[in-house]
Every structure is written in C-alpha cells, then in structure tokens.
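By convention in this document, chain letters (A, B, ...) are assigned in the order of the sequence lines, proteins followed by strands, and residues within each chain are numbered from 1.
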Amino acid sequence: MVKRYTSLAYKAADDMIFGKSVYPVKAELGLEVGAGYVTAEVNYAPRPEAGVSKEKLVSEYRRLTTDIMARAVQIGFPAVSLETEHVEQMTNNPDWGGEIAHVQKTILEEYHEEYGIKCGLRHTPGDIRENRDLLALIGDKYDVLMESFEAVADAGADFLSIETMGGKEVLDYAILRNDIPGLVYSIGCLGSIDMTMIWEDIRKIADKKGRIAAGDTDCSQANTAMFIAGGLLDKNLAHTIAIIARAISAPRTLAGYEAGAQGPGKDCGYENTIVKAITGCPIAQEGKTSTCAHADVMGNLVMQCCDLWSNESVEYHGEFGGTSVQCWSESLNYDAAMLNVATETGNAKMLRDILVLSDKYRDPQGYVLAYDNAYKVAESIAKDGDDLYLRAKNAAIACCDILNDADSKKLVMSKFEINALNDAKAALDAMTDESETFMSESVEKYKAEVAVFRPDDNYKF
Amino acid sequence: MDIDPSKILVRYNVAKEKAQTPEEMAAELYPTAEPARTICAAIFDGEEDDVIEGLEKAIEGGADPVALIDDVLMVGMKITTDLYDQGVIFLPNVMMSADAMLEGIEYCKEQGGAAPKPKGKVVCHVAEGDVHDIGKSIVAALLRAAGYEVVDLGRDVPVDEVIAAVKKESPMMLTGTALMTTTMYAFKEVNDRLLESGIKIPFQCGGGAVNQDFVTQYELGVYGEEAADAPKMADSIVAGKGLAQLKEQFHKH
Ligand code: B12
C-alpha cells in the first residue's frame, strides 16, 4: 500500500517559486534540480529518416547531443539538462534506448570533465503498452517497458520518466461528450490506479541502479483535452472543460510521487504547479519557449514555479542560427539566466508575478493554474488524499469554484464557457460521495458504452 | 500585485460571441410541423430517448419510418452541424446529437425493415505506426452526422489493409490522419498503391503533422485542415467536383 499525500509541502502559495523546491534532487554530473536555480531542459526528436536502423538513430542522438553541449559552452551557460523521449523503436528494443543513453551520457561526461558544466540526462521510454486498438497495460509489453527502463538507467540516464496512458480509452470517449463523471473516472481513478502500479516498479529500478525516478504527466488525457480545446476561436471543447480535466489530472500525476517518483516532474504536465504545492518536489515546465512543438494560452505563466524549463520537442534539423537544438537550447538557457538573475537579486517573486499576470486572465486555464489558485486546488486534493475518487472530484469542484468566484471584469468568459462550466458543476454536484458506488457503477457504464474498455485486463483495482 | 488585463490581451472569443443563445438560433431553424419540430429539438439537445419517443409518435401517425430518416432526422442533424460550422456550438454537442440521430436511424430501420441509401461511403484511417486517433474519430463522427456511411479502419492501419478496404468497399473518398512526421509518409505509399490498382478516388489527409505542402506531393492527395472539411469535401464530390477542383477548394494556403 502506498502512502497518499494528505497535506501540502508549502504553508502558503506565496512560498512557491521557480528554481526552488522543498526536496531538490541531484544528478550525477553536478546538476541539482530545485536547489535554487532554474536549468534549461532541451528536448528533441530525430529526423524521420533516422529511424530506419539502430546505427542511424544512435548517430543522430550523438550529433544532436554534441551540438547542444557545444552551444552551451560557447555561450557560457553553467548548466543544462537533456531529455530524450523515445521513439517507439528505442523502447521496444531496450538495447537501442540503452545504447543511446550511453552515448549521450558519455558526451555529457566529456563536457563536464573538460568545462565543469553541470549536466543531467532524462530518458522517457514511450508507453508502448497497447495493441492496435486496445490498451495492454499489464503483461508482455509491460515487461519490455521495464527492461527499457533498466537499460537506460544502466547506461547512465539520471532521470527516469514516462507519459503513461492509463485511463485514456475512457477519456477519449468522455472528452468528446462533455462527460464530467467520465473525466473523473478515466483520469482520476483509472489513471491513478495504473500510475500506482507502474511507478512503484520504476522506483525499484531507479533505486537498484542509483538513478532518480523523476515523474510522469497526464499528457495522454489533460493535454489531449487542452489540444482539442485549442485556441480562443476553436470550437471543439470549452476551455472551462479543458481546465477541469487538467485539475483532475493533478491527483493522477500525484499518484506517481506517492508510488515513488521524486521529481523533476515532466515538462508537459501543466498540472505540475498543483502537484508541486503538495509534494514539494521539483518540476519541469514548458511554455513560451516550446512554441516549436505546440501553441498554448499561458506561455509565460507556466514559468512561475518551474525548476527545469523545457522546449517540449523539436525535430533535429538545420536553422539559420545553427541546428534546431542549438537554437532552442540557447533560448531556454537565456530564459533560465533571466530567472536566475531575478533570484540572485532578490526579485524572484516580482518576476514570478509578472509572468503570471501576463496570462492569468488570458484564458480560464491559465487562471486556475496561476499559483495562488493552483494552491487552492492542491488543498482540495489533500483534504481527501486517501481516496482516489474523492480527491479527483474535489479537484474538479475546486476548479469550478475558482472560476465561479473569479472577478468577472478581469477573467471575462464567454457565455459558452460559462454554460459549460455550469453544466459541469451541476454534473459534479450530482455525483455520489461514495467511492465504491462510483467505481462499480462506472465500470459497468463504460464497459457498455466504450467498446475498447477492458478493465479486467488493464487495471489492478 | 494585479493588473487590468485589457491592455495586454484580447479575449476575441468573447468579443465575437453572438447575442442570441445557440438554443434560440436552433429554434429558429426547426421545422414548424410536429412531431418533426420536437424530434429536431431532441437531436439538437442530444436526447436519444426523446428522439425515439418522437419517432414512435410519427410512425403511429402514419409516417413511413424509412422516409423519416431523410425528412426529419437528417434535417435535425443538419441544423446542429450548420451551427457548429458557424461557430455557435461546440463539438461535444455535435457528438451527442450524432449519437442521438444514429439511434434514431437504427430505430427507423428496425421499424421500416429497410434502410435508405446513404449519400455515399467513406473509408477513414490513421496512418500506420500512429496511434493519435481523436482527430480521425472527429472526422468520422462529422461524416456520419452529415449522412455518409463510414468504414472506420481505426488507428495504426497498415497500407495493405487500407488498399484492401478500398478495393472491398469502393468508397467515394478515403481519409487519412497522421500526427507524426514519421508516420505521414505512409500516405504517399497509399497513393501509389491506389494508382497502381487504377483507383483514382480523392484521398483527404489531415492531422497535426500533415500540411498542404506535403499533401500536394502525391496525385490523389487533398489537404484537410480541420475535421469539418471532411463532410464539406464529401458534399463537393457528390456535387460532381473532380480532384483538381477539390484541391482548388481545400488548398487554402
Ligand atoms: C494527445 C496526444 C497523444 C495521445 C494520443 C491520444 C489519442 N487517442 O489520440 C497519446 C498520449 C497516446 C500520445 C502518444 C504519443 N505521442 Co502524442 N501527442 C498528443 C498531442 C498532445 C495532441 C494531439 C491531439 O489529439 N490533438 C487534437 C486533435 C483533435 O487534433 P488532430 O488529430 O490534429 O485533428 C484535427 C485536425 O488536424 C483535423 N484532422 C485530423 N485528421 C484529419 C483528416 C481529415 C480528412 C481532415 C479533413 C481533417 C483532419 O481534425 C481535427 C480537428 O479539426 C500532440 C501535440 C501536438 N502538438 O499536436 C502530441 C504529438 C502528436 N505526439 C507526439 C509523440 C512523439 C508521441 C509519442 C511517440 C510519445 C512517446 N514517446 O510515447 C506517442 C506515439 C505513439 C505512437 N506509436 O503513435 C509528437 C509527434 C512528433 C512527431 N514525430 O511528429 C507530438 C506532436 C508532441 C510533440 N510536440 O512532440 N500522444
């Protein structure tokens, strides 16, 4: 049985700041995360043609890693962290991922030795646990995935991460139907159950190999909702529903820490500020400097409490200013330098608040994720921390309450967003307070409605 | 510290919002006769049970169950999709309306013992190696909502399977979705294999990774930027447009 969080790591929202966490973590080559400074975390994807063979792929990562390190010392940056999100071949063939981690780590070691630059390496195996149309969370594929973690940990990856898919089969159905109980069930319950299983095992591997079980993100669900919601004029999902999904994702991501993750949390977890309030563990974030990968409506705001600052992903290729990884790593590092100057000169909170106010009223999503409101969502989760269902429902209700209490002259919502919010709140109010009732009713309901939902094969209830 | 945000950002969605509510706008479009009016409203609201109840009444009153599909169910659905196209209502409403309409169609088929001829058949798929299927599901739902028969091959579909399905189903068009730069190349192969077999149907491709420049590289390809372009293109094909005209219409960049 894992121990669930029932209290917050921070006494007040105002104590939360970028570059600092309650429980920093330390990588092998001098890099500390959350220990008082922000570091760039550079992300990249190989060119499509590099995937044809192991040799080509290894060579691609060797080149791009060297490029990033070379640029970092050319511009005089004191630290840098790299994240390798596996393409499917690297996870399905654990020795591929392992060899790439080894090659990358060797380059980092050389630069560390020669220049003293502090560096870290995160590897994120892909969640390969599915067969064409069905999730296969438990079984053979799970074993291959764990082998992949072993291989990259062995080869030197400091931080182990993954973007798990538990609950996604129900979310995909629910999110296109404004089904709020379905969001609570898929993200808060199914997702957390899977997280609890997988993160206990990742932590074991990390401990065995002397690495750090870093963290997960609800990319597969909350980011799906955020992308379907899109920009201000898109008509596929109300942004008020997208932020409810996001709020529910915080207790899901939290479940990873309860099962053994220590941070830094994954960059695309926009729920991470809520999670940091509870765990005190460092987090990575992405926003204004990940426009190479996606657009969002809170690019400055998400910097507010980051410990690593990421570009999410960029394809490796040439740009006018060097290779893409050099350009984007340079931008990230300059951002980090600015944040660190604010810290050194005692202006960190001022800069944090400027970043927040740039986007707090741009969209309901940024409003709820602003650290003061995120903290309130965190409190609602910890209140019933022992009950996966109740804490997910609490997070959703807290999110609705925050939006309903918003100063309507500042956060101006469309009628459409307000109606969706009211409907969601009514649906939440109609939900039971009994976890067991909810779980047993939901399993029957979604078995009937979602053809690809196979609870018995995928979840250790 | 706080701020008056009006100087730093514009909520264009709020600024552009219509004065009328979606319900009011829909009500203006419903047919006046009953029970068609009630059924259309039930479709707009996504209430399956009310749709069936309305159909029961209509059939009791002597209406032909199969004729009800085109005369009432499709009319109600069109009101919903038109309002979506105008940006008045959002996708989940369309999905729920489509669910309600499809149940209505099933009911009418059972009652009438026959099915009307659909407007046309479309095969949908996600490229081989790619699991990102929400965009495809939206495309399929909007096509069904517009009265097309959809053969949904799902995600991560091998090229062989796409070709076999096209040969078996003889659709009027094929759609492909890809969200990864690594998977979209399968579309070129699908194109070549179709041409080899002498099949020249329009192949509409979309999804995060795909762009117009890429799609222009193969003969049958027509770029689809948003899901709503799929039923629009199907309608254009029904209206007799050929590949060149379709490209003219949908290649907006
Ligand atoms: C949600 C998501 C996932 C979910 C998918 C859930 C699902 N059921 O689809 C999950 C978690 C499973 C996932 C997994 C992965 N993902 Co992913 N994912 C995303 C994300 C965040 C959003 C995609 C989305 O759903 N958008 C919303 C839908 C509605 O948009 P859409 O499909 O484009 O459809 C719209 C239009 O394009 C159009 N449309 C689509 N098809 C068609 C067809 C026609 C005919 C027409 C007319 C229109 C049309 O209609 C829709 C609405 O208008 C994107 C980020 C991004 N920037 O896009 C990454 C992204 C696509 N993923 C990415 C990656 C790398 C992965 C993984 C490999 C990660 C990993 N290491 O495990 C795996 C893939 C595994 C595999 N083998 O496929 C990368 C791809 C990079 C690349 N190489 O090109 C992206 C771009 C993220 C990034 N910036 O790095 N992902």
Out of [options], which one racks up the most heavy-atom pairs below 4.5 Å with chain B?
options	result
A:Leu176, A:Asn178, A:Asp407	A:Leu176
A:Met413, A:Arg177, A:Glu130, A:Arg132	A:Arg132
A:His239, A:Glu417, A:Lys409, A:Lys410	A:Lys410

Between atom [atom1] of [X] and atom [atom2] of [Y], what is the distance when rounded to the nearest 0.5 Å?
X	Y	atom1	atom2	value
A:Ile354	B:Ile3	CD1	CD1	9.5 Å
A:Phe227	B:Leu179	CZ	CG	10.0 Å
A:Ile228	B:Ile134	CD1	CD1	4.0 Å
B:Ile8	A:Leu357	CD1	CG	7.0 Å

Given heavy-atom pairs under 4.5 angstrom as the criterion, report whether the side chain, backbone, both or neither of [X] touches chain B.
X	result
A:Ser358	backbone
A:Glu49	neither
A:Glu88	neither
A:Lys349	neither
A:Asp234	backbone

[X] atom [atom1], over 12 foreign heavy atoms within 6.0 Å:
X	atom1	result
B:Lys167	NZ	no
B:Lys7	NZ	no
B:Lys78	NZ	no

**Asked** Out of B:Thr182, B:Ile138, B:Asp99, which one racks up the most heavy-atom pairs below 4.5 Å with chain A?
**Response**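 The candidate making the most pairs under 4.5 Å is B:Asp99.
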For the candidates B:Glu226, B:Glu17, B:Met95, B:Lys16, which exhibits the highest count of non-hydrogen atom pairs separated by less than 4.5 Å from chain A?
->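 Most heavy-atom pairs within the cutoff with chain A belong to B:Glu17.
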Heavy-atom check, side chain of [X] versus side chain of [Y], under 4.5 Å:
X	Y	value
A:Phe416	B:Val14	no
A:Asn419	B:Thr21	no
B:Ile89	A:Lys235	no

Cut-off 4.5 Å, heavy atoms of chain A, and the answer for B:Ala19 is backbone
Bottom line for B:Val157: the part with an atom under 4.5 Å from chain A's heavy atoms is both
Heavy-atom pair of closest approach, residues [X] and [Y]:
X	Y	value
A:Ala238	B:Phe90	N-CD2, 3.7 Å
B:Leu9	A:Tyr361	CD1-O, 3.6 Å
A:Asn131	B:Arg155	O-NH2, 4.4 Å
B:Met1	A:Met350	CE-O, 3.7 Å

